[in-house]
Amino acid sequence: MLVEPRSGLLAAWGNALLAGLVSPDEAALAIVGEDAVHRVDGLPGEAGPVGLTLALGRLRGLGATGFRVALPVPGHPLGLSGPPDFNARALEAEEAVVAYGVPYGLVPEVTEAGPAGDLHVEVVWRVLPVREAQPADVPSLGEAERELAEALQDATAVLSRLDVAGSGPVAEAAMDAYRARAERGRDVLAPGYPPRAVRVLEMAQRVGLLVSVAYENGHGGAVSASEIAARGEALRPVERVARRAQVAAYNAYVEGGEVRR
């Protein structure tokens, strides 16, 4: 949760590009980030993979007016609208981008090579037909913000009682990573996003940090099976709320019904 999904970056900067707020090169550079290269395969009219700049321009030419994000996991098809083939691929990747205005979605396939610390990452976005329908279980920004506040309070109380994620080198390292990430977090959503979307995404990152540290810290003070089960029961709904909030933040650009210049 501390690293934005690639689908979030593509949707955010693709929306800014469609709105004329960034150049094609700026959008492509932000989407690729630290990866080596991104290509898009399966675009109508193209015989093979093409670069991001050409692909985004082609989608705009076909009628795309915006992009939204899906972050599905087993049992929770968050942001998906079908058909089954697209849903299955998105579920395998645990993320996808769906275009507004044209019946296409993009699912990333990631290839990594090289040792830890020196990975060469290539991404191919597969273009697939999608059903133009209401996406599953996506809240409004207001709903997401309220859910996050409640989930953070409830989870903190439970995890504190179980002595989980309270201290130690893992927790400290995670907090350092979060603080470093927060220093540049306001650039994640790209120009044009409303401040509330930025705030919701930042809160979702905080909640994701809590969940990550709780899992990585092992059992902490939860020494009994019932306490370990209680921790799991506390974390699962919090994870769900955080993912819903991420999607709401990324989709605020198109769900709001207007481009913010």
Side-chain angles (χ1 to χ4, degrees), residues 1-22 26-27 30-31 33 56 64-73 76-81 94-101 133-157 174-175 177-212 237-261:
M1 198 69 71
L2 296 179
V3 177
E4 274 57 54
R6 292 179 174 89
S7 56
L9 294 174
L10 192 153
W13 289 90
N15 284 329
L17 173 62
L18 293 178
L21 300 176
V22 297
E26 286 175 313
I31 294 166
L56 292 170
T65 58
F67 300 99
R68 60 177 172 83
V69 173
L71 296 178
V73 295
H76 189 202
L78 177 61
L80 297 179
S81 57
E94 295 191 352
E95 61 176 306
V97 174
V98 179
Y100 267 65
Q134 188 69 21
D137 199 36
V138 177
S140 68
L141 276 176
E143 291 170 335
E145 196 167 28
R146 288 191 297 272
E147 290 177 358
L148 280 169
E150 294 172 1
L152 183 58
Q153 184 177 14
D154 293 346
T156 299
M175 285 303 301
Y178 173 75
R179 293 187 187 101
R181 181 67 189 84
E183 289 297 318
R184 57 189 180 92
R186 294 186 180 275
D187 296 329
V188 170
L189 281 176
Y193 273 84
R196 191 175 200 179
V198 176
R199 185 168 67 247
V200 167
L201 183 59
E202 290 176 342
M203 191 182 297
Q205 291 170 340
R206 283 187 58 206
V207 172
L209 172 68
L210 175 64
V211 172
S212 297
V238 175
E239 279 187 301
R240 185 185 184 101
V241 166
R243 285 189 301 104
R244 277 167 49 85
Q246 274 192 303
V247 171
Y250 288 122
N251 293 3
Y253 215 111
V254 290
E255 298 295 347
E258 61 178 323
V259 172
R260 299 156 179 85
R261 296 179 183 273

With side-chain contact (heavy atoms from CB on, under 4.5 Å) as the test, would you mind laying out the steps for V241 and L148 before giving the verdict? CA-CA 6 Å; V241 166; L148 280 169; 3.8 Å; yes

Would you give the length of the straight line joining atom [atom1] of [X] to atom [atom2] of [Y], rounded to the nearest 0.5 angstrom?
X    : Y    : atom1 : atom2 : answer
L9   : I31  : CG    : CD1   : 7.5 Å
L21  : E26  : CG    : CD    : 10.0 Å
R196 : E145 : CZ    : CD    : 4.5 Å
E150 : E147 : CD    : CD    : 7.5 Å

Check the side chains of Q205 and Q246 for a donor-acceptor pair under 3.5 angstrom, ignoring hydrogens and angles.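 There is no such pair between these side chains.
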
Steps toward side chain to side chain donor-acceptor pair (under 3.5 Å) verdict (N15, Y193): CA-CA 9 Å; N15 284 329; Y193 273 84; 3.1 Å; yes

To check you understand the geometry: which heavy-atom pair defines the closest contact between [X] and [Y], and what is its length?
X    : Y    : value
A245 : A204 : CB-CB, 4.0 Å
V22  : P191 : CG1-CG, 3.8 Å
V200 : A249 : CG1-CB, 4.3 Å
L80  : A70  : CD2-CB, 3.7 Å

For the residue pair [X] and [Y], establish whether any side-chain heavy-atom pair is separated by less than 4.5 Å.
X    : Y    : answer
L71  : P5   : yes
Y250 : S7   : no
P77  : D137 : no

Side chain of R68, backbone of A11: donor and acceptor closer than 3.5 Å? no

Restricting to side chain to side chain contact (heavy atoms under 4.5 Å, CB included), what partner residues turn up for P139, sequence neighbours left out? E143, A144, R244, A248

Which one of L17, N251, L56 satisfies the side-chain contact (heavy atoms from CB on, under 4.5 Å) criterion with F67? L56

Hey, are E95 and R6 close enough for a salt bridge, meaning a charged N less than 4.0 Å from a carboxylate O? no

Could you check Y253 against L189 for side-chain contact (heavy atoms from CB on, under 4.5 Å), going step by step and ending with a plain yes or no? CA-CA 9 Å; Y253 215 111; L189 281 176; over 6 Å; no

Go through the steps to decide whether L141 and R146 satisfy the test side-chain contact (heavy atoms from CB on, under 4.5 Å), and finish with yes or no. CA-CA 9 Å; L141 276 176; R146 288 191 297 272; over 6 Å; no

